[in-house]
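Report on one structure; see the data block that follows.
One-based numbering along the sequence shown. Just so you know, ligand 1 is whichever comes first in the structure, and atom 1 is the first atom listed for that ligand.
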Amino acid sequence: MANIYNSRPRVLSGIQPSGNLTIGNYLGALKQWVEVQRDYDCFYCVVDLHAITAGQDPVELRQKTRESAAMYIAAGIDPEVSTIFVQSHIPAHSELAWMLTCMAPLGWLQRMTQFKDKVGKQNQESIGAGLLNYPSLMAADILLYHADLVPVGDDQNQHLEFTRDLARRFNHLYGETFTLPSVMNPQAGARIMGLDNPTAKMSKSETSDNHAVFLLDDVSRARKKIMRAVTDSYRDIRFSDEPERAGVNNLLTIYQAIKDESREEIEGDFADKGYGDLKKAVAEAVVSTLEPLQARYNELMNEAGYLDSVLKLGREKASAVAEPTLKLAQDRMGFLAPS
Ligand code: ATP
Ligand code: LTN
């Protein structure tokens, strides 16, 4: 599957350092990142330039950027195997994003569901234009590395389609330049829903108390949140697309994503059980994921200098790939090379 630019098939993905990571981020993205890292040449980015599209506190952004990188490692990304880097450390992301923004039809950008959802919550007059151009920056992230695969939750599938369309457009106008990436969603856990409202995607920026389990939640708090999750008045435990069963379906999905078991096996295990048993089992599965991750995270945050050295190396490795791609795209678009 290797493309013409890379000797090994390549993976790229990123998470915004816009809050505390949730089990949705873990099951939809991070867990897959870990699983593919030995089979592909992987680049994992902390997308801080994306995080400012929603507004940020400078002190907090810097802190969350380090914390996110530490969380990638704590979740199992091995910096000796994969490249971990900060998006804003590689100026090529901003440069290519501008070039792509100028080619991205406004109609495509305005049709993005994430844009419509985020704008819907705010006053149109005051929102930043970065929210509209967000997908062009994401396309730049992916295309700079000639990524073959992009492991994400399914809320990002439309952005991946946009990236492919834009790459196709560029290649058509200026000659074969970019590799068309494919989306990679996990089999289970591509969309974890809020525990308090199973019709809305679990999100790190949603602030209601019982919405999300955060990866750094104290385990007793995580347990409580799951025990309080919204369910329904049925009794049987089975996977279902019916809206009124969304809460139980979500708990089963979390369980399935962690345990890597089939739906049939899981339904069999819970055949004679009640919702209380299901919640306890999900809580134990979640806690068994959080405990080792938190222990490693705390070690990393106390290991002075280690994280900085990982990000420095990541920056070098990412730059070595991104710079030549940027140069090629600039040349194709007609920019005069500096002498
Ligand atoms: P925000 O609330 O700040 O917009 P978010 O929680 O939606 O953030 P992102 O940074 O947008 O998180 O997403 C990072 C990765 O996590 C993406 O691959 C995204 O698809 C995935 N992801 C986010 N939330 C979920 C979820 N509830 N279920 C599955 N995957 C998710
Ligand atoms: N838009 C993504 C984050 C993101 C990303 C990327 C994901 C930015 N650049 C490149 C994959 C590849 C989101 O999850 N909100």
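Geometrically, ligand 2 and Ser13 share no nitrogen or oxygen pair separated by less than 3.5 Å. Note: no N/O pair closer than 3.5 Å links Thr22 and ligand 1 by distance alone. Of the N or O atoms in Met202, one or more lie within a sub-3.5 Å distance of an N or O in ligand 1. Any N or O atom pair closer than 3.5 Å counts here, and Ile15 shares no such pair with ligand 1. Between Asp154 and ligand 1, no N or O atom pair is found at a separation short of 3.5 Å. Taking any N or O of Gly24, backbone or side chain, at least one lies under 3.5 Å from an N or O belonging to ligand 1. Of the polar atoms of Ile192, at least one N or O is found under 3.5 Å from an N or O of ligand 1, judged by distance alone. The shortest N or O to N or O distance between Lys201 and ligand 1 is below 3.5 Å.
Side-chain N or O atoms of Gln32 include one that pairs as donor or acceptor with a backbone N or O of Gly28 at under 3.5 Å. In this structure, Arg169 contributes its side chain and Met103 its backbone to a donor-acceptor pair below 3.5 Å. Of the possible polar contacts, none joining the Arg223 side chain to the Glu284 backbone as a donor-acceptor pair under 3.5 Å is found. Here the side chain of Asn298 pairs a donor or acceptor atom with the backbone of Gln294 at under 3.5 angstrom. Side chain of Asn20 to backbone of Phe214: no donor-acceptor contact under 3.5 angstrom is found. Side-chain N or O atoms of His211 include one that pairs as donor or acceptor with a backbone N or O of Ser203 at under 3.5 Å. Formation of a donor-acceptor pair under 3.5 Å by the Asp217 side chain with backbone atoms of Ala222 is not found in this model.
Those atoms of ligand 2 with a heavy atom of Val150 less than 4.0 angstrom away are 11 (C), 12 (C). Here is the list of ligand 1 atoms found below 4.0 Å of a heavy atom in Ala29: 15 (C), 16 (O), 18 (O). Listed by number with element, the atoms of ligand 1 under 4.0 Å from a non-hydrogen atom of Gly189 are 29 (C). Atom numbering of ligand 2 starts at 1 in the shown order; those under 4.0 Å from a heavy atom of Leu12 are 10 (C), 12 (C). Atoms of ligand 2 found under 4.0 Å from any heavy atom of Gln16 (numbered from 1 in listed order, with element): 15 (N). Below 4.0 Å from some heavy atom of Arg191 lie the following atoms of ligand 1, by number and element: 28 (N), 29 (C).
Ring geometry for Phe43 against Tyr145 counts as tilted: the plane angle lies between 30° and 60°, on a 0 to 90° scale. Using a 30° and 60° split on the angle between ring planes, Phe85 and His93 fall in the tilted class, from 30° to 60°. Aromatic ring pairs are classed by plane angle as parallel below 30°, tilted from 30° to 60° and perpendicular above 60°; the pair Trp108 and Phe162 is perpendicular.
Of all the heavy atoms of Gln156, the ones lying under 4.0 Å from any atom of ligand 2 belong exclusively to the side chain. Heavy atoms of Ser203 found under 4.0 angstrom from ligand 1 belong to the backbone as well as the side chain. Residue-level proximity to ligand 1 for Ala190 is carried by the backbone, the only part with a heavy atom below 4.0 angstrom. Of all the heavy atoms of Lys204, the ones lying under 4.0 Å from any atom of ligand 1 are found in both the backbone and the side chain. Contacts with ligand 2 closer than 4.0 Å are made by no heavy atom of Ile15, backbone or side chain. Residue-level proximity to ligand 2 for Asp155 is absent, since no heavy atom of it falls below 4.0 angstrom. Heavy atoms of Lys118 found under 4.0 angstrom from ligand 1 belong exclusively to the side chain.
When the heavy atoms of Val46, Val152, Thr163, Asp141 are ranked by distance to atom 6 (C) of ligand 2, first place goes to Asp141. Closest heavy-atom approach to atom 17 (C) of ligand 1 within the set His159, Lys31, Gln16, Gln156: this belongs to Gln156. If you check each of Gly14, Pro151, Ser203 against atom 3 (C) of ligand 2, the one with the closest non-hydrogen atom is Gly14.
Judged by distance alone, the side chains of Asp196 and Ser208 do bring a donor and an acceptor atom under 3.5 Å apart. Side-chain contact, Gln37 with Asp78: no donor N or O sits under 3.5 Å from an acceptor N or O.
Protein heavy atom in closest approach to atom 1 (P) of ligand 1: Ser205 OG, 3.4 Å. Protein heavy atom in closest approach to atom 15 (N) of ligand 2: Tyr134 OH, 2.8 Å. Here the protein heavy atom with the shortest distance to atom 16 (O) of ligand 1 is Asn25 ND2, 3.1 Å. Looking only at heavy atoms of the protein, atom 3 (O) of ligand 1 is closest to Ser18 OG, 2.9 Å. In this structure, the protein non-hydrogen atom closest to atom 20 (O) of ligand 1 is Asp155 OD1, 2.4 Å.
When each of Glu67, Glu60, Arg66 is tested with Gln63 by the rule side chain to side chain donor-acceptor pair (under 3.5 Å), just one qualifies, namely Glu67.
One finds no salt bridge joining Lys259 and Asp269 here, because no Lys/Arg side-chain nitrogen approaches an Asp/Glu carboxylate oxygen to under 4.0 Å. The pair Arg10-Asp41 counts as a salt bridge, with a side-chain nitrogen and a carboxylate oxygen less than 4.0 angstrom apart.
Nearest heavy atoms, Pro17 versus Val47: CD-O, 3.3 Å.
Not less than 6.0 angstrom separates the ring centroid of Tyr44 from the ring centroid of Tyr72.
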